[in-house]
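Written out below as structure tokens is the structure these notes cover.
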Amino acid sequence: MIRPIIAGNWKMNKTIAEAVGFAEGLKAALKTPPAREVIVAPPFTALQAVAQAFRGSAVRLAAQNLHEAPKGAFTGEISAGMLQEAGCTHVIIGHSERRTLFGETDDRINRKLRAALDASLTPIFCIGELLQEREAGETEAVIERQLKGGLNNFTSGDIGHLVVAYEPVWAIGTGKTASPGQAQEVHRFIRRWTADRYGKETSAELAILYGGSVTPKNIAELLQQPDINGALVGGASLDIDSFVQMIGC
Ligand code: PGA
């Protein structure tokens with residue numbers, strides 16, 4: 001049985017002071033350890049301060065990106081080791097904003113996933129189709145291409161150390177959520193695809209999150225789907241009341 005995961009992706013939002021204020025509020029609101037695994041992904045600048053604020057709580061910390069090299073002349077980039085040192089246990093990799101705005105390819109994402117695993121960080125590996133791809137009936141082909149490329153040369157042992165997030169690009173930040181049925185269909189496809197390649201047991205234990213306009217209103221129905229093991233939430237994770245509601249729903 002997979003413990004459901006609620007992860008908040010703050011994107012480029014919140015100053016250090018705002019992030020720490022949120023973390024302290026969340027820690028106070030989650031007096032007893034939550035039944036769900038809670039992960040928060042602040043911007044790089046707030047990671048260390050937020051890690052300190054969460055100390056002694058069950059909340060886990062994720063970064064939103066990394067560079068695949070351990071160190072070197074890569075101006076503006078951050079390595080997996082640096083994230084670990086700052087207190088991260090997880091890292092979001094291959095988010096559609098990284099793919100579309102920053103040109104990340106499946107091959108690059110594959111190297112980033114490997115770098116995260118090598119540093120004992122749990123990657124939250126994002127995949128998802130564009131609206132025109134869905135309308136052209138290409139959803140499964142796109143998902144398969146992203147899985148194949150991103151997970152190239154991965155063993156079932158590697159798969160056991162990562163989380164997948166299905167985020168249809170047309171649902172991110174648009175207020176258009178995939179219906180629970182539409183989301184479940186793709187989650188089931190991912191479950192079967194990973195079972196075929198990595199074995200049923202590994203696939204059954206793989207947490208597959210849904211992301212794309214998740215809110216306190218629609219989260220319960222999404223999480224009732226058999227292959228949806230949690231949510232990666234953007235906009236609705238920025239407000240503490242709404243985030244706490246989603247953790248407890
Ligand atoms: P959203 O973002 O919840 O604002 O749609 C989700 C994400 O990008 O991870």
Side-chain angles (χ1 to χ4, degrees), residues 4-14 18-19 22 26 36-44 46-47 50 59-66 88-104 109 112-113 116 121-131 133-134 139 142-143 146-147 150 162-180 182-184 186-187 190 207-223 225 228-249:
I5 298 172
I6 307 297
N9 174 12
W10 290 356
K11 309 191 181 186
M12 198 170 72
N13 292 292
K14 295 196 192 290
E18 288 166 348
F22 184 107
L26 181 59
R36 296 180 171 158
E37 186 171 342
V38 181
I39 304 171
V40 170
F44 287 135
L47 285 174
V50 170
V59 180
R60 298 279 166 259
L61 194 65
Q64 300 172 17
N65 182 32
L66 55 65
C88 292
T89 51
H90 292 71
V91 55
I92 298 170
I93 294 181
H95 190 278
S96 69
E97 284 148 21
R98 301 294 319 169
R99 291 175 187 263
T100 56
L101 303 175
F102 302 98
E104 286 191 12
I109 289 163
K112 291 188 175 206
L113 290 170
L121 289 173
T122 302
I124 301 173
F125 169 37
C126 301
I127 54 179
E129 81 287 0
L130 304 168
L131 183 60
E133 292 167 335
R134 172 163 284 266
T139 300
V142 170
I143 295 299
Q146 293 175 339
L147 285 169
L162 56 82
V163 171
V164 170
Y166 168 58
E167 299 203 302
V169 180
W170 48 271
I172 295 179
T174 58
K176 273 191 216 163
T177 327
S179 69
Q182 279 174 321
Q184 165 57 24
V186 180
H187 281 237
I190 298 166
I208 309 173
L209 315 185
Y210 170 78
S213 298
V214 175
T215 66
K217 279 207 173 114
N218 60 27
I219 191 167
E221 218 188 331
L222 286 160
L223 295 188
Q225 303 303 310
I228 300 185
N229 309 113
L232 179 54
V233 188
S237 75
L238 293 171
D239 176 73
I240 187 146
D241 293 337
S242 109
F243 194 56
V244 168
Q245 270 185 60
M246 289 185 285
I247 294 165
C249 72

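Note that ligands are numbered from 1 as they come in the structure, with each ligand's atoms numbered from 1 the same way. Positions are given from 1, in the same order as the sequence printed here.
The nearest protein atom to atom 3 (O) of ligand 1, hydrogens excluded, is given as Gly234 N, 2.8 Å; this is a heavy-atom distance. The protein heavy-atom contact nearest to atom 9 (O) of ligand 1 is Glu167 OE2, 2.7 Å.
Of all the heavy atoms in Cys88 and Leu121, the pair that sits closest is O-CD2, 3.3 Å.
Near Gly173, meaning under 4.0 Å from any of its heavy atoms, are these atoms of ligand 1: 1 (P), 4 (O), 5 (O). Less than 4.0 angstrom separates some heavy atom of Lys11 from each of these atoms of ligand 1: 2 (O), 7 (C), 8 (O). The distance from ligand 1 to the heavy atoms of Gly235 drops below 4.0 Å at these ligand atoms: 1 (P), 3 (O), 4 (O). Which parts of ligand 1 touch Ser213 is read off a 4.0 Å heavy-atom cut-off, strictly below it: atoms 1 (P), 3 (O), 5 (O). Close contacts of ligand 1 with His95, meaning ligand atoms under 4.0 Å from a residue heavy atom, involve 7 (C), 8 (O), 9 (O). Within ligand 1, the atoms closer than 4.0 Å to a non-hydrogen atom of Asn9 are 9 (O), numbered from 1 in the order shown.
Ring geometry, His187 versus Tyr166: the interplanar angle exceeds 60°, so the pair is classed perpendicular (tilted spans 30 to 60°).
Considering CD of Gln225 and CD of Gln182, their distance stands at 11.0 Å, rounded to 0.5 Å. From Ile109, atom CD1 reaches atom CD1 of Ile93 across 8.5 Å, with rounding to the nearest 0.5 Å. Note that CD1 of Ile6 is 10.5 Å distant from CG of Asn229, once rounded to the nearest 0.5 Å. Expressed to the nearest 0.5 Å, how far CZ of Phe102 lies from NE2 of His95 amounts to 11.0 Å.
Side chain of Gln64 to main chain of Asn9: no donor-acceptor pair is present (N/O by atom type, distance under 3.5 Å, no hydrogens or angles). At least one donor-acceptor pair under 3.5 Å links the side chain of Lys14 to the backbone N or O of Leu238.
At a heavy-atom distance under 4.0 Å, only backbone atoms of Ala171 (N, CA, C or O) approach ligand 1.
In this structure, Gly212 is part of the shell of residues with a heavy atom less than 4.0 angstrom from ligand 1. For Gly211, the closest heavy-atom approach to ligand 1 does not fall below 4.0 Å.
Of the polar atoms of Thr174, none of the N or O atoms is found under 3.5 Å from an N or O of ligand 1, judged by distance alone. Looking at ligand 1, you won't find any N or O of Ile172 less than 3.5 Å from one of its N or O atoms.
Among Val38, Ile39, Ile5, the single residue meeting the side chain to side chain contact (heavy atoms under 4.5 Å, CB included) criterion with Arg60 is Ile39.
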